[in-house]
Amino acid sequence: MAVNIKGRSFLTLMDFTPAEVRYLLDLSHDLKAKKRTGRFDYLLKGKNIVLLFEKTSTRTRCAFEVAALEEGAHVTFLDTASSQMGKKESLEDSAKVLGRYYDGIEYRGFHQEVVEQLAKHSGVPVYNGLTDVDHPTQVLADFLTLEEQVAKPLHKMKLVFCGDIRNNMSYALMFGAAKTGMHFVALGPKELNPDPATLDRVRQAASETGAVIEVTDEADRALPGADALYTDVWASMGEEEHIPRRVELLTPYRVTMESIDKTQNPDVVFLHCLPAFHDFETKIAREQKERGFDIREVTDEVFRSRHSVVFDQAENRMHTIKALLVATL
Ligand code: CP
Ligand code: NVA
C-alpha cells in the first residue's frame with residue numbers, strides 16, 4: 001500500500017507504522033544521494049517553518065535550518081525564553097497563532113505534552129526536536145547511518161545502548177527498534193531501569209515486528225554479537241544536579257575498548273547522538289573533573305577509533321530531517 005504522511009506530526013516513532021518508518025528512511029537515502037549530485041528541486045518552496053527551542057542545540061537547529069533552506073523553505077528561530085509562549089500567553093493560544101503563520105513547527109523542550117498540545121492546537125505538522133522522553137528525529141539519522149555502515153538489514157541488527165537507559169535517547173532508540181524489528185539491549189544499572197509502562201508499550205509494538213527488547217545490567221550478557229554500541233551523556237539537559245550519583249552508577253558502563261572487544265565483532269560500530277564527553281576539552285567536563293567527577297561516557301580512544309561513526313550520524317540529521325519535512329509538508 002502506498003505510504004502518505006502529508007500533514008502528519010512527528011511526535012514519536014511510536015505513532016508510525018513500520019512501513020512509514022521505512023518510507024522516511026528510503027526518502028532520506030534518496031535525498032542524500034540527490035544532494036551529492038548537486039541537484040535541488042526546491043520541494044519546500046513557499047513553506048514557512050518555525051523552530052522553537054526551550055533547550056540548547058547545535059545539530060537539531062542547524063539540521064532543520066539547512067534542510068529547510070536547501071529545499072526552498074523559510075525558517076524562523078524562536079528561543080522560547082524570548083517569546084510570550086507559556087508566560088504571557090497560553091500554549092494553546094501560541095499554537096493557534098503559530099499555525100496561522102507557519103506550515104510546520106519544530107519544538108525542543110522538556111515535556112512531551114508540549115509537542116502534543118502544539119500538534120493538537122496549531123493545525124499544522126509539529127516535529128519533536130527532543131523532549132525529556134523522546135528524540136525521534138535523531139533515531140531516523142541513527143538508523144540511516146546503521147544502514148550505511150552495517151552490512152545487514154535493520155531487522156537483523158543488534159544494537160546495545162549503554163549508560164543512562166531511561167533517558168530520551170534510550171527510549172527513542174527502543175521505539176525505533178520496536179518499529180524496525182531490531183534486537184535492542186538497554187545495558188545499565190538497575191536503578192536507572194526504563195519505566196515499566198513504557199517498556200510494556202514498546203514490547204507490544206515489538207511483538208508486531210519480531211523485535212527483541214531487553215534490559216540488563218550485565219555487560220557480559222549484553223555485548224557479545226552486537227553490531228552497534230550506542231551511548232549518550234550520563235546527565236541529560238536539565239539533570240545536572242544528578243551528576244555525582246550518575247558518575248557513581250554509570251562509571252562501570254562507560255564505553256571503552258574493553259566494551260568494543262566484548263562484542264566479539266571486529267566491525268562493531270560506535271554511535272553517539274552528540275554532544276559527547278569523551279575528553280576534558282569542554283568547560284563542563286573540566287569543571288566536573290575539578291570537583292572529582294569524571295563524566296566521560298566514552299573514552300577518547302573509542303570516540304576517535306575506526307569503529308566510531310558519530311560524525312556520519314551528525315551529517316545524517318540533516319538528510320533525515322529534510323526527508324521528514326518533504327514527506328509531511
Ligand atoms: N544530537 C542532538 O540533538 O544534538 P543537539 O543537542 O546539538 O541538537
Ligand atoms: N540525552 C541528551 C541528548 C542530547 C541530544 C539530552 O537530553 O541532553
Side-chain angles (χ1 to χ4, degrees), residues 8-13 44 47-71 73-142 167-169 171-172 232-233 235-241 272-277 282-284 313-325 328-329:
R8 288 268 298 277
S9 285
F10 190 73
L11 309 185
T12 172
L13 278 171
L44 301 171
K47 304 287 182 189
N48 288 291
I49 299 160
V50 64
L51 309 178
L52 305 174
F53 280 82
E54 202 177 340
K55 291 177 176 170
T56 52
S57 168
T58 297
R59 278 144 289 271
T60 307
R61 174 183 176 178
C62 298
F64 265 97
E65 291 208 10
V66 174
L69 293 170
E70 281 190 352
E71 291 298 340
H74 181 268
V75 174
T76 304
F77 172 80
L78 202 57
D79 163 5
T80 54
S82 64
S83 78
Q84 313 282 26
M85 203 171 113
K87 297 191 291 288
K88 265 183 93 175
E89 187 169 59
S90 70
L91 188 58
E92 178 177 343
D93 292 356
S94 294
K96 286 177 177 166
V97 171
L98 293 173
R100 298 284 178 120
Y101 300 147
Y102 293 98
D103 302 287
I105 300 172
E106 180 275 355
Y107 173 83
R108 164 174 288 196
F110 294 90
H111 306 296
Q112 186 73 10
E113 294 73 29
V114 175
V115 277
E116 288 165 2
Q117 288 294 311
L118 285 171
K120 183 172 170 200
H121 297 296
S122 66
V124 297
V126 172
Y127 310 104
N128 181 351
L130 181 146
T131 62
D132 286 349
V133 293
D134 213 331
H135 196 6
T137 64
Q138 178 71 48
V139 175
L140 290 179
D142 300 340
N167 80 3
N168 43 15
M169 268 326 306
Y171 285 146
D232 185 14
V233 291
S236 289
M237 287 180 269
E239 295 188 335
E240 292 72 14
E241 72 196 85
H272 194 308
C273 53
L274 306 182
F277 293 120
T282 63
K283 187 168 174 274
I284 294 178
Q313 275 177 276
E315 176 186 334
N316 284 339
R317 295 299 307 284
M318 201 283 289
H319 303 298
T320 43
I321 285 171
K322 189 187 278 180
L324 181 61
L325 296 175
T328 53
L329 290 180

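Position 1 is the first residue of the sequence, and the numbers go up from there. These numbers come from the heavy atoms of this one structure, side chains and all, not from hydrogens, waters or symmetry mates.
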Distance-minimising heavy-atom pair for [X] and [Y]:
X    : Y    : answer
T137 : R317 : OG1-NH2, 2.9 Å
P125 : L329 : CG-CD2, 4.0 Å
G129 : R108 : O-NE, 2.8 Å
M169 : V139 : CE-CG2, 4.2 Å

> For L91, which residues count as a side-chain contact (heavy atoms from CB on, under 4.5 Å) partner, sequence neighbours excluded?
Replying inline: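 Partners of L91 by the side-chain contact (heavy atoms from CB on, under 4.5 Å) criterion, ordered by chain and then number, come out as M85, V114, Q117, L118.
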Regarding [X] and [Y], is there a side-chain donor-to-acceptor distance under 3.5 Å anywhere?
X    : Y    : value
D232 : N167 : yes
Y102 : T76  : yes
Y127 : T328 : yes

Whether the side chain of [X] engages the backbone of [Y] through a donor-acceptor N/O pair (distance < 3.5 Å, no angle test) should be reported.
X    : Y    : value
T60  : S57  : no
E116 : L11  : no
E240 : G238 : yes
N48  : D103 : no
H272 : L274 : yes
S9   : V126 : yes
E106 : I49  : no
K87  : S83  : yes
K55  : G109 : yes

How long is the span from the [atom1] atom in [X] to the [atom2] atom in [Y], to the nearest 0.5 Å?
X    : Y    : atom1 : atom2 : answer
S94  : E89  : OG    : CD    : 3.5 Å
L78  : I105 : CG    : CD1   : 10.5 Å
D132 : Y171 : CG    : OH    : 11.0 Å
Q313 : T320 : CD    : OG1   : 10.5 Å
K322 : L140 : NZ    : CG    : 15.0 Å
L51  : D79  : CG    : CG    : 12.0 Å

> Can you name the ring-ring contact (aromatic ring centres under 6.0 Å, His included) partners of F10, sequence neighbours left out?
Replying inline: F16
>> My understanding is that only residues two or more places apart in sequence, or in another chain, count here; which of them pass ring-ring contact (aromatic ring centres under 6.0 Å, His included) with F77?
In response: F53
Got more than 12 heavy atoms from elsewhere within 6.0 Å of [atom1], [X]?
X    : atom1 : result
I284 : CD1   : no
H121 : NE2   : yes
F110 : CZ    : yes

> Which one of L13, L130, N128, T12 satisfies the side-chain contact (heavy atoms from CB on, under 4.5 Å) criterion with H135?
Replying inline: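 Filter result, single survivor: L130.
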> Do the non-hydrogen side-chain atoms of F277 and V233 ever get within less than 4.5 Å of each other?
Replying inline: yes
